[in-house]
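Protein chains get the first letters and strands the later ones, always in sequence-line order, with residue 1 at the start of each. Values reported hereafter were calculated over all heavy atoms of this structure, with side chains retained and with hydrogens, waters and symmetry mates removed.
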Protein chains: 2
Amino acid sequence: MDQVRPYSALIERLRAAGLRPTRQRLALARLLFEGGDRHLTAEQLHSEARSGNLRVSLATVYNTLHQFTDAGLMREIIVESGRSYFDTNTSEHHHFFDADSAELSDIPGDEVVISRLPAAPSGRIIERVDVVVRVRNRAFGPHGRLT
Amino acid sequence: MDQVRPYSALIERLRAAGLRPTRQRLALARLLFEGGDRHLTAEQLHSEARSGNLRVSLATVYNTLHQFTDAGLMREIIVESGRSYFDTNTSEHHHFFDADSAELSDIPGDEVVISRLPAAPSGRIIERVDVVVRVRNRAFGPHGRLT
DNA sequence: GTGTTTGCAAAGTGTTTGCAATTTA
DNA sequence: TAAATTGCAAACACTTTGCAAACAC
């Protein structure tokens, strides 16, 4: 059945974004979009793909994530230097970042409210406002010492 | 005069942080702390140091920035993957990030107000809340096209 | 003198790129 | 078959590390 009419919704989604539904893109799209909201690095997605049967190169994973991001299917989130997270939730929302586990998670919809925001500097417009709530294990203090 | 009693305030500041006031650390501290609030990458600080007469290696600049950060003299801010900014303003405040110029700047004190914040996930405590207002040149759209 | 700090060059990350081979329409 | 996509390996940018020489106290 899969062979006959595989994942037509995702295929349409890719086509609508102007991306050919290749085997790699489709398989990555399944991993990304069929499991609810996800926050993944390229490495993580790559190894998930490998664990399932898909043969994809890391370069293709990067390309695909950027193509999906450019197409508005996902967002790139930066919380650590030297690593990008990609978020399948494109609605307006903010994030927890757990420094101990390096995991990013959504803050449910309305639990962050910004009641005042500055005007953009002259000649600029606000493109996006990111709020990152950095959390850590309760047991450790600012420099890794016990609290 | 400089030779007799050079920068005693900064020297004290370093000593108080448990850092020997070496020539390199003192010179970097001057660049960082004597010019108001600054937002610099390691590379930027390194080239400033070289422009002034100081001979410092990039590795020492990195070490020094981390030591200062660990000592609470500055903060590290992450807004772009693959690059760290260091902020000499340690008071609670947030940032503009201009994607066109890759420049980071402070949002004056009370111009960002967060009126609701979620509880930390269980077993975690909130370490810090970062708000980054990403701005760009008014003339360009989401993918660099004219608006 | 003794322990700390520095500089260098090498190694390490995560990410991007160039290009021939493959796949899609 | 023409154009888009993929994989590989090399190239990249930024950061960290190891260790001998230089320095601070």
Cation-pi geometry met for B/Arg75 and B/Phe86 (6.0 Å, 45°): no

5' precedence on DNA chain D between B/Pro21 and B/Phe86 (nearest-nucleotide basis): B/Phe86

C/dT16 OP1/OP2 closer than 4.0 Å to side-chain N/O of A/His66: yes

Complementary nucleotide for D/dA4 - Watson-Crick or wobble, under 3.5 Å: C/dT22

Donor + acceptor pair across side chains of B/Arg25, B/Gln67 (<3.5 Å): yes

Quiz item: cation-pi between B/Arg13 and B/Phe33, 6.0 Å / 45°: yes

Heavy-atom side-chain proximity of B/Phe96 to A/Arg124 below 4.5 angstrom: no

5' precedence on DNA chain D between B/Asn63 and B/Arg23 (nearest-nucleotide basis): B/Asn63

Nearest listed nucleotide, side chain of A/Ser81, among C/dC8, D/dT15, C/dG14: D/dT15

Phosphate-side-chain proximity, B/Thr60 and C/dG7, N/O vs OP1/OP2 below 4.0 Å: yes

Nearest-Å distance for atom pair OH/P, residues A/Tyr62 and D/dA13: 16 Å

Whole-Å distance separating the CG atom of A/Leu58 from the C1' atom of D/dC8: 11 Å

Atom CZ of A/Arg128: over 12 foreign heavy atoms under 6.0 Å: yes

Pairwise distance CG(A/Asn137) to CG(A/Asp98) - rounded to 0.5 angstrom: 8.0 Å

N/O (side chain, B/Gln24) to phosphate O (OP1/OP2, D/dC23) under 4.0 Å: no

OP1 or OP2 of C/dT4 under 4.0 Å from side-chain N/O of B/Thr22: no

Nucleotide nearest A/Val56 when distance is taken to its side chain, options C/dG14, D/dC14, D/dG7: D/dG7

5'-most by nearest nucleotide on DNA chain C - B/Arg25 or B/Arg50: B/Arg25

Spacing of A/Leu26 atom CG relative to C/dT24 atom P, expressed in whole Å: 11 Å

Touch class at under 4.0 angstrom, heavy-atom based, for B/Thr41 against every strand present: nothing

Sugar-phosphate, base or nothing in reach of A/His46, heavy atoms under 4.0 Å: nothing

Spacing between A/Leu54 atom CG and D/dG7 atom P, to the nearest angstrom: 7 Å

Atom-to-atom span, CD1 of B/Ile11 to P of D/dC25 - whole angstrom: 8 Å

5'-most by nearest nucleotide on DNA chain C - B/Arg55 or B/Arg20: B/Arg20

Any-strand Watson-Crick or G-U partner of D/dG18, both distances under 3.5 Å: C/dC8

Rounded interatomic separation in angstrom, taking OH from A/Tyr85 and P from C/dT13: 16 Å

Distance in angstrom units between A/Gln44 CD and C/dG14 P, rounded: 11 Å

B/Ser84 side chain, from C-beta outward: closest of C/dG3, D/dT15, C/dG7: D/dT15

Per A/Ala59 side chain, nearest of listed nucleotides D/dA9, C/dG3, C/dG14: D/dA9

A/Arg15 side chain, from C-beta outward: closest of D/dG7, C/dA25, D/dT6: C/dA25

Identified pairing partner of D/dA24, criterion: Watson-Crick or G-U wobble below 3.5 Å: C/dT2

Between C/dT15 (P) and B/Glu80 (CD): distance, integer Å: 13 Å

